[in-house]
Amino acid sequence: MAHEQDSASSRHDDEEVYDFSALQKKWLPIWDELQPFSTSNPDDERPRKYVLDMFPYPSGDLHMGHAEVYALGDVVARYWRQQGFNVMHPIGWDSFGLPAENAAIKRGIDPRGWTYDNIAQQKKSMRLYAASFDWEREIHTSDPEYYKWNQWLFLELYKAGLAYRKESWVNWDPVDQTVLANEQVLADGTSERSGAMVVKKRLTQWYFKITDYADRLLDDLDQLEGHWPSKVLQMQRNWIGRSIGADVEFEIEGREERVPVFTTRPDTLWGATFMVVAPDAALASELVEGTSPEVQQRFADYLTEVGHSSEIERQATDRPKTGVFLERYAINPVNGERLPIWAADYVLADYGHGAVMAVPAHDQRDLDFARTFDLPVRVVLDVPNTNEDGASNDPSETGVALAGDGTLINSGPLDGLRKAEAVPRAIEILEAEGRGRATKNYRLRDWLISRQRYWGTPIPIIHGEDGTEHPVPVEQLPVLLPDAAGLDLKPKGTSPLGGAADWVNVPNPVDGTPAKRDADTMDTFVDSSWYFLRFLNPNDDSQAFDPKEAEKWAPVDQYVGGVEHAILHLLYARFITKVLHDLGYLKFTEPFKALLNQGMVILDGAKMSKSKGNIVFFTEEVDKHGVDAVRLTMAFAGPPEDDIDWAEVSPVGSAKFLARAWRVANDVTSEPGVDPATGDTALRRVTHRFLADAPGLTEAFKFNVVVARLMELVNATRKTIDSGAGAADPAVREAAETTALALNLFAPYLAEEMWEKLGFEPSVALVQWRTADESLLVAESVTAIVQVNGKVRDRLEVSPQITDAELEALALASDAVQKAIGEGEIVKVIVRAPKLVNIAIRS
RNA sequence: GCCCCUAUAGCCCAAUCGGUAGAGGCAGACGACUUAAAAUCGUCCGAGUCAGGGUUCGAGUCCCUGUGGGGGUACCA
C-alpha cells in the first residue's frame, strides 16, 4: 500500500495534483498575516452584520458536530462579506462547567488546567478548520475578566428584585450532587448531564425571576416568526405554556382563609364534585391538622409513598390514580355545595395554587380519580353524542370525560349558554361576588441558578450571621474563585467553596461581624445568556459591554447552532436581553434576529456516542479528506436542519469535486482581465445564471443547492475546455474565477489557491461577489408545452417574448394537438406564455 | 395521550406563483487513456412523488383521512 502511494505521488509530482495538506500549510500563516476577518477598524464604513455561531464547551477535541456548525456558520459569514458587509464573526469558549470538574476529580487535577489545555487543543483544530473568525475578540467565560461581569449581572438582577432566594422542592442530581434547573431535566426524569434519575429535594436556592417576563417572552416570539425555525418558536411557546383561566376562591369548613384554585374552565364550576390538593403542598399538611389520627396517619403514609416513588413512576400517564380523603370539606362558592377534599399526587404543588376543583364529567384526570374512589360525576355541559351506535356518552359509564363544546346545563345562571359564552359569564359572576377573577398561569418556573459545584462563577453575596444578605459591592468584583488546590471537589451535596475557610469567611460589609460568602456557583447558562454582548468589547475592564458598540453591532443578525439549545439557552438569553433592556443598557429586546439550526451528525442512523463506540473523529476526517472536503460535505449533504448521516455522505466525493475544480483553474490559459464578452456564450449563460441564483439560495440556507449548481458550473467549464471553445476562451476564465469566488464559502483553502493560480492577490475572501449580466439570463428560446386535458401532447420551441395569443395559435395549429383533440369540443384554453398551453376539451 | 415536522430514483437530495418530476452527488453499467490498475475523461441506466379521497383546466406542491419515520412535551387543572 505505502509503496503504491509513493510511486503514485512521485509520478504526479507536478502542480496539478490537488494536495489539500500542502494548501493548509501554505495558507494558514498567510491569513494570520493578512487578518482578513478583523473587525477592529473603527473607520470601516461598510454596513455591519453580526454573525454568531454558538460557542463551544471545551471538552477534548472538536467533534463532527462542531465541524458542521462552524462550516455552516462560516458560509453565512463569508457570504455577507462578499456582499459588501463588515461582518463580525467572533468565537470564544463556554469554559465553566461540570465536565471539567468531573474530569479534574477523576484525575486529581485542577479543572482550570484541564480546561485551558483543552481550549489550546481545540483552538488549534478550529484555526486549521479555517472558519473566518475574528480571533482578536476571543473570550473565555472562566476568565475572571469575564465572570466578573456575570457577578455584575447577578447584582443588577438582585437590585431589580429579579434574583431571590427561596426554599422549595428542587431537582437534585444524585450523581453530580447538584441541583438542576427544570430545563435540565429530561422527559424521562433523568439529568441531561449525568443521565442519573433526578430526585426531589427541599433546598434554599437562588432563582432568577424569569416568570415575570413570561408574557413578553411568549408574545415577542411573534417578532421572530419567519426568522427562527418554527419548530423552535413552538417549543418555546409550549415551554412557557400560558393558560388563560380564572382563580376561584373556596371557603373551607373550619378554616378562616379561603383556598384559591386555578381553572381554565370556570364554566364547569357547577360540575365540581370534590377538591384535590397536592400532597406535598403546605396546604395539604395544614388541612390535615386537627383531623382524626387515622386520617393523619393515612396522609403521612401517603406522603411518604409519594416521596419515594421514582420520577418514572410519577410520569407514567396510565398510572392508576391514588389519593387520600382528608375528611375536610370545601364550599362551592356558586351553589354552596359541600365538596370533599382529597390529597392526590396528580395535582402538582408548584403549579397554580397546588389545588384544583375537580370536575370529573369534563376532565379526564378528575374522572379517572372519581371512578377510582367512587365519587360523584355531574355533567354540566350538554355535549352532542357522536357515538355512532347510539351508546350513551355519559362519562360515569364510558369513563371518557366530555371535553368538547356544548350547552350548559345544571348550572343555574349559566344554563343554556354555549361554552364560549359561559366562561366569561362565570368569571363575571365570581368577580361580582368577590370570589374569583380572571387570571393566567404558566408552565414556566423561575430559573434556578445555584449550583453546588466548584467550576463556575461565585455568587457575589455575603450572608450575615443573622441571615441577612449583603451584595458584594461592584467595585470589589470579581469575587475570585479560590484556588482548587487543597479543596475537596468531590460531590458531597454541599458546595466545595464552603470548604475554603479563608475564602468563605469574611467580615460583614455592614458591621464587620463574622459573615460567610455564598458558597454556590452560578449555572453556566448565566454565562452564555449574555456572551454575545461581551464579544463587542472583550477587553473592556470598566463594563460588561459597551452600549454604544451594542447599538452598532447588536442584536445578532444571524445566530447559528444546534436545536438542542432550542429552549434552555435561547430562552435565558432572551430573558437577560429583556432585563438589560429594561435596565436601560440595551435598545433592543430580542438578542438574535435570525436563527439557523443545524441538524446532528450521526452514523448509520444512530447518534454517535462513546458508549456505542460509533464515533467519527474530527481529526481523522480532516487528516483523511482535508478541511475543505469536510466543510464542503457538511454544506452539500442536504438542508442544514436535517441530520447528516456520515455513512451516507461522501467526503471522498467532495474531495473529487474539489480536485476537479482545481484542474479547471489550472487549465485556464487566458490572462487576468481578458474581456469575457468575447467568450463562449453557452458557458457564460451557465456562469451568469449561477451568479444570479447563488445569493438567493445562500440567504435561504439552501447551501446544498448552491454546491450542486456550482458542480454544474464546473462540469460545464470542463466540457467547454475539452470539447468546446477550449482552455483559452475568456468564458472559461470567467467561469473559473466565479468558481473560486463561490468556493470561498465552502472550501476556503482551495478557493484561495485557485484565486492565486488565476493571477490575483489574496485574499479571495475579501473579493466582492459579481453581479450577473442580465442579458445572459434570458434564454434565446424556451420550450413551451402544450397539454390537452392536462396531458402533454406537444412541445414547441418559442421566443421568450411570445404573446399568449401567438402561443395559443401555434398550439392549436400543432398536428399532435389536433389529433389529441379529435372530435372533442374545446371548452377552455389556458395560456401561460411562454411556457404552457392547456386545452380543456369535452369529448 | 397531546402538539409539530416529514415522506420524490437502490441511497443522499433538487424541483420560485400549483404549470414538462431531475439540477447535483453516491452507488451501478459501458467506453476512452494505460502493458495493467488507480486516477482522470466520456456515455448510459434509473422514480411518476407513502396510500386513499377532494379542490383545479392542471397537484410532488393546496385541503381531508390514514400509514410509516423524526422531534417536542408529559397528570400544568
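- Side chains of F703(A) and L72(A) form a contact here, defined as non-hydrogen atoms less than 4.5 Å apart.
- Residue contacts shown for K231(A) are limited to sugar-phosphate atoms, with no base heavy atom under 4.0 Å away.
- Looking at heavy-atom distances under 4.0 Å, V652(A) makes no contact with the nucleic acid at all.
- Looking at heavy-atom distances under 4.0 Å, N838(A) makes contact with a base.
- Distances shown here put every side-chain N or O of R709(A) at or beyond 4.0 Å from the OP1 or OP2 atom of G25(B).
- The phosphate of U43(B) (OP1 or OP2) has a side-chain N or O of K719(A) nearer than 4.0 angstrom.
- Heavy atoms of T783(A) sit under 4.0 angstrom from at least one base atom.
- What separates CZ of R237(A) from P of U73(B) is a distance of 16 Å, to the nearest Å.
- Outside the 6.0 Å centre-distance limit, the rings of F657(A) and F636(A) are not counted as a close aromatic pair.
- Counting to the nearest Å, the P atom of U40(B) and the CH2 atom of W662(A) are 16 Å from each other.
- S650(A) has no side-chain polar atom (N or O) that falls below the 4.0 Å cut-off from OP1 or OP2 of C12(B).
- Among the heavy atoms of the strands lying under 4.0 Å from F636(A) is at least one base atom, whether or not backbone atoms are also near.
- Distance CG (N666(A)) to P (A39(B)): 20 Å, rounded to an integer number of Å.
- Phosphate contact (OP1/OP2 of G25(B), side-chain N/O of N715(A), threshold under 4.0 Å): present.
- As a whole-Å value, the separation of R832(A) CZ from G19(B) C1' is 8 Å.
- For the pair R660(A) and C41(B), the criterion of a side-chain N or O lying under 4.0 Å from OP1 or OP2 is met.
- Put simply, R443(A) has a side-chain N or O that comes within less than 4.0 Å of OP1 or OP2 on A74(B).
- In this structure, the CG atom of L836(A) is 14 Å from the P atom of G18(B), given to the nearest Å.
- If you check residues 785-792 of chain A against RNA chain B, the residues with a heavy atom closer than 4.0 Å are I785(A), Q787(A), listed by number.
- Taking atom OH on Y442(A) and atom P on A77(B), their separation rounds to 13 Å, with Å as the unit.
- A close approach under 4.0 Å does occur between a side-chain nitrogen or oxygen of K702(A) and OP1 or OP2 of A15(B).
- With P as the reference atom, A9(B) and G60(B) are 14 Å apart, rounded to whole Å.
- H362(A) places a side-chain N or O within 3.5 Å of a backbone atom of L381(A) that can act as its donor or acceptor partner.
- By the rule that a glycosidic angle within 90° of 0 means syn, C17(B) counts as syn.
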